[in-house]
Amino acid sequence: MKKLHPFTALTIWAIIAVQALLLPLGVPLMALAISALLCLVAWPASRHRFRYVLYLMIPMALGIYLVHGGLLHSWLGGESSPIALQHAMTIWWRLLAIFTAAQIWMQYVPTITMIQSLFASRLPIGLSYLLASPLLLMQQLSNQIKYIQEAQLARGVRLDGNLFQRAKAMLAIIFPLINSTFANLSIKIATLESKGFRYQTKRTNLWAPKDTSAQKYFRYRAILLLIIEVIGVLLWR
């Protein structure tokens with residue numbers, strides 16, 4: 001499993017996501033979501049991500065049932081419909097399959113590997129940097145948030161307590177974070193210019209993940225088949 005290129009693993013996730021979006025509510029959709037969930041639990045490295053799925057999908061089930069299931073409509077004096085409940089269940093099972101498969105992909109592909117794959121790909125360097133920018137900033141933002149929290153605690157700002165107090169304390173973290181991010185833009189622009197950004201159309205990556213012709217053929221063919229499938233479903237409907 002470790003021999004898969006990050007783009008190949010991403011293509012497999014795209015296949016699962018597209019199938020989940022196109023399948024109606026029924027046994028195939030449920031089997032797809034449950035299979036992805038079992039794979040997440042069966043793989044020891046990704047087993048800890050099961051709680052992320054629970055943290056997201058359980059509240060989302062309540063929210064989807066409230067909005068799409070007709071519960072809010074019935075509270076406002078309307079009549080609940082079985083079609084609305086079926087629609088809500090379809091949305092929830094689709095999101096379960098997509099999010100669970102995404103958790104497996106995120107565990108399988110480290111952030112630095114995905115960044116190296118983007119820079120070593122045939123994409124234009126500007127587009128590669130645009131896609132990799134959020135991944136590059138993740139570690140920097142997490143460190144910056146940690147420093148801001150320590151500074152605010154030293155000033156006596158309470159960052160704990162009930163939900164309302166924590167939401168109020170978030171403002172003491174968000175505004176300094178935004179301010180420091182914009183303040184460093186000029187430094188980052190000067191760094192890119194000094195490194196000759198866009199001087200060449202393709203950059204040389206010494207640690208590019210290994211790719212094979214078979215995986216490239218699989219990706220191109222899978223993307224083509226997905227496009228044909230989506231167009232066919234849209235025309236059929």
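All heavy atoms count here, side chains included; hydrogens, waters and symmetry mates do not. The shown structure was predicted, so the numbers you read here are calculated from the model rather than taken from an experiment.
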Taking all heavy atoms of R47 and all of V41, pick out the closest pair and write down the distance. NE-O, 2.7 Å
Aromatic ring pairing Y55/Y52, orientation class (parallel under 30°, perpendicular over 60°, tilted between): tilted
Would M30 and L21 show up in the same hydrophobic cluster when neighbours are defined by side-chain heavy atoms closer than 4.5 Å? yes
Taking T100 for the side chain and L96 for the main chain, is one N or O donor matched with an acceptor at less than 3.5 Å? yes
Out of L32, L23, L25, which one pairs with W93 under the side-chain contact (heavy atoms from CB on, under 4.5 Å) rule? L25
Check: E229 side chain, Q19 main-chain N or O, donor-acceptor pair, under 3.5 Å: no
Where the side chain of Q103 meets the backbone of S46, is there a donor-acceptor pair that is under 3.5 Å apart? no
For L29 against P24, the heavy-atom pair lying closest together: CB-O, 3.5 Å
Can you tell me how far apart CG (L95) and CE (M60) are? Round to the nearest 0.5 Å. 5.5 Å
Calculate, to the nearest 0.5 Å, the distance between atoms CD1 and CD1 belonging to I104 and I16 respectively. 7.0 Å
So, taking the atom named CG in L22 and the one named CZ in R94, what distance separates them when rounded to the nearest 0.5 Å? 7.5 Å
Y217 versus T212: any side-chain heavy-atom pair under 4.5 Å? no
For the CD1 atom of I231 and the CG atom of L226, what is their distance to the nearest 0.5 Å? 11.0 Å
State yes or no: do W105 and I34 share one hydrophobic cluster built from I, L, V, M, F, W and Y residues joined by side-chain heavy-atom distances below 4.5 Å, directly or via other members? yes
More than 12 heavy atoms of other residues, nucleotides or ligands under 6.0 Å from CG of L234: yes or no? yes
Atom CD1 of I12 and atom CZ of R219: how far apart are they, to the nearest 0.5 Å? 10.5 Å
How many angstroms lie between atom CG of L38 and atom CZ of F50, to the nearest 0.5 angstrom? 9.5 Å
Are L37 and L54 joined in one hydrophobic group, where the rule is that I, L, V, M, F, W and Y side chains link up if heavy atoms are under 4.5 Å apart? yes
Restricting to non-hydrogen atoms, name the atom on K3 and the atom on Q215 that form the minimum distance, rounded to 0.1 Å. O-NE2, 3.1 Å
Given 3.5 Å as the limit, does a donor-acceptor pair link the side chain of W92 with the main chain of M57, or not? yes
Passes side-chain contact (heavy atoms from CB on, under 4.5 Å), R49 versus W43? Steps please. CA-CA 10 Å; R49 292 182 175 270; W43 188 23; over 6 Å; no
If I compare all heavy atoms of F7 with all of S117, which pair ends up nearest, and what's the gap? CZ-O, 3.7 Å
Closest heavy-atom pair and its distance - P6, M114: CB-SD, 4.0 Å
Shortest non-hydrogen pair, F99 vs V53, comes out as CE2-CA, 3.6 Å
Hydrophobic cluster membership, with links at side-chain heavy-atom distances under 4.5 Å among I/L/V/M/F/W/Y: are L40 and I58 in one? yes
Let me see the working for Y65 and L85 under side-chain contact (heavy atoms from CB on, under 4.5 Å), right down to the final yes or no. CA-CA 7 Å; Y65 178 62; L85 180 60; 3.6 Å; yes
